[in-house]
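Counting from 1, the numbers follow the sequence of the chain as shown. Values in this document were obtained by computation on a predicted structure and should not be read as measured data.
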Amino acid sequence: MLRTQLETAIQVAEQRLVLATGGANVCQLQRDGRVTGGVKYDEGWLVALVTLRRSLRTEAEDAQVVAEQRATWQAALAEQQQRIPPSLPWLAYRQGGVDALAQLS
């Protein structure tokens with residue numbers, strides 16, 4: 001169930017990112033100064049899901065792996081929130097990852 005939900009979520013996230021970037025490379029957009037918080041949010045969302053997929057080992061351990069990934073992304077978000085001044089693109093990126101993993105309950 002989780003793996004099917006995850007694959008569907010990854011497909012949706014990929015489509016959202018392509019729509020947000022017009023198919024352009026996110027790194028190039030960032031170098032050009034054309035990246036927005038929305039793009040970083042979508043990128044973080046996708047990266048969190050793909051990272052989770054790579055981390056899954058067995059179905060019996062899926063819930064534990066999801067919890068570990070959530071904790072990792074939440075800690076990274078909290079770290080960004082503590083920065084003065086915070087990096088808005090990184091806040092958006094980390095929040096995207098946290099939100100993506102939260103949907104997999």
Side-chain angles (χ1 to χ4, degrees):
M1 168 90 171
L2 171 68
R3 291 165 192 252
T4 301
Q5 183 184 10
L6 180 58
E7 289 305 317
T8 300
I10 289 171
Q11 289 174 357
V12 170
E14 287 172 340
Q15 292 169 356
R16 278 185 17 200
L17 190 57
V18 168
L19 285 173
T21 63
N25 179 291
V26 175
C27 292
Q28 185 61 47
L29 289 174
Q30 194 163 357
R31 278 192 294 272
D32 294 347
R34 297 183 294 144
V35 75
T36 67
V39 168
K40 293 305 284 182
Y41 179 87
D42 289 340
E43 180 187 20
W45 186 290
L46 178 59
V47 169
L49 295 175
V50 171
T51 301
L52 174 62
R53 180 174 59 190
R54 280 195 304 257
S55 300
L56 293 177
R57 297 176 288 266
T58 67
E59 288 186 28
E61 297 174 331
D62 283 357
Q64 177 184 346
V65 173
V66 171
E68 290 168 357
Q69 290 293 316
R70 279 186 188 141
T72 298
W73 279 83
Q74 287 169 336
L77 175 59
E79 181 181 314
Q80 286 301 318
Q81 290 168 331
Q82 297 298 319
R83 290 182 163 218
I84 299 175
S87 168
L88 296 181
W90 279 107
L91 279 174
Y93 179 87
R94 295 299 183 187
Q95 187 65 60
V98 167
D99 291 349
L101 296 171
Q103 73 155 349
L104 297 174
S105 47

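- Pairs engaging residues 4-25 under the ring-ring contact (aromatic ring centres under 6.0 Å, His included) rule: none recorded [sequence neighbours left out].
- In this structure, CG in L104 is found 10.5 Å from CE in M1, a value given to the nearest 0.5 Å.
- Between Q95 and L91 the shortest side-chain heavy-atom distance does not fall below 4.5 Å.
- Taking the side-chain hydrogen bond (donor to acceptor under 3.5 Å, both in side chains) definition, one finds that E68 meets it with Q64, sequence neighbours left out.
- A distance of 11.5 Å separates CD in Q81 from CZ in R94, rounded to the nearest 0.5 Å.
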Would you give me the side-chain donor-acceptor pairs under 3.5 Å for residues 46-57, sequence neighbours excluded?
from, atom 1, to, atom 2, distance (Å)
T51, OG1, V47, O, 2.7
R53, NH1, E7, OE1, 3.0
R53, NH1, E7, OE2, 3.3
S55, OG, T51, O, 2.9
S55, OG, Q69, NE2, 3.3
R57, NE, E61, OE1, 3.0

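- Within the structure, every pair that satisfies the ring-ring contact (aromatic ring centres under 6.0 Å, His included) test and touches residues 62-88, not counting sequence neighbours, is listed here: W73-Y93.
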Distance-only donor-acceptor pairs under 3.5 Å for side chains of residues 9-20, two or more places apart:
from, atom 1, to, atom 2, distance (Å)
R16, NE, D42, OD1, 3.4
R16, NH2, D42, OD1, 2.8

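- The CG atom of L88 lies 12.5 Å from the NZ atom of K40; values are rounded to the nearest 0.5 Å.
- Legend: residues meeting side-chain hydrogen bond (donor to acceptor under 3.5 Å, both in side chains) with Q80, ordered by chain and number and at least two apart, are absent.
- Scanning for side-chain contact (heavy atoms from CB on, under 4.5 Å) contacts around Q82 gives an empty result, with sequence neighbours left out.
- The shortest distance between side-chain heavy atoms of R3 and D62 falls below 4.5 Å.
- Looking at heavy atoms from C-beta onward, W90 lies out of side-chain contact with E79 at the 4.5 angstrom threshold.
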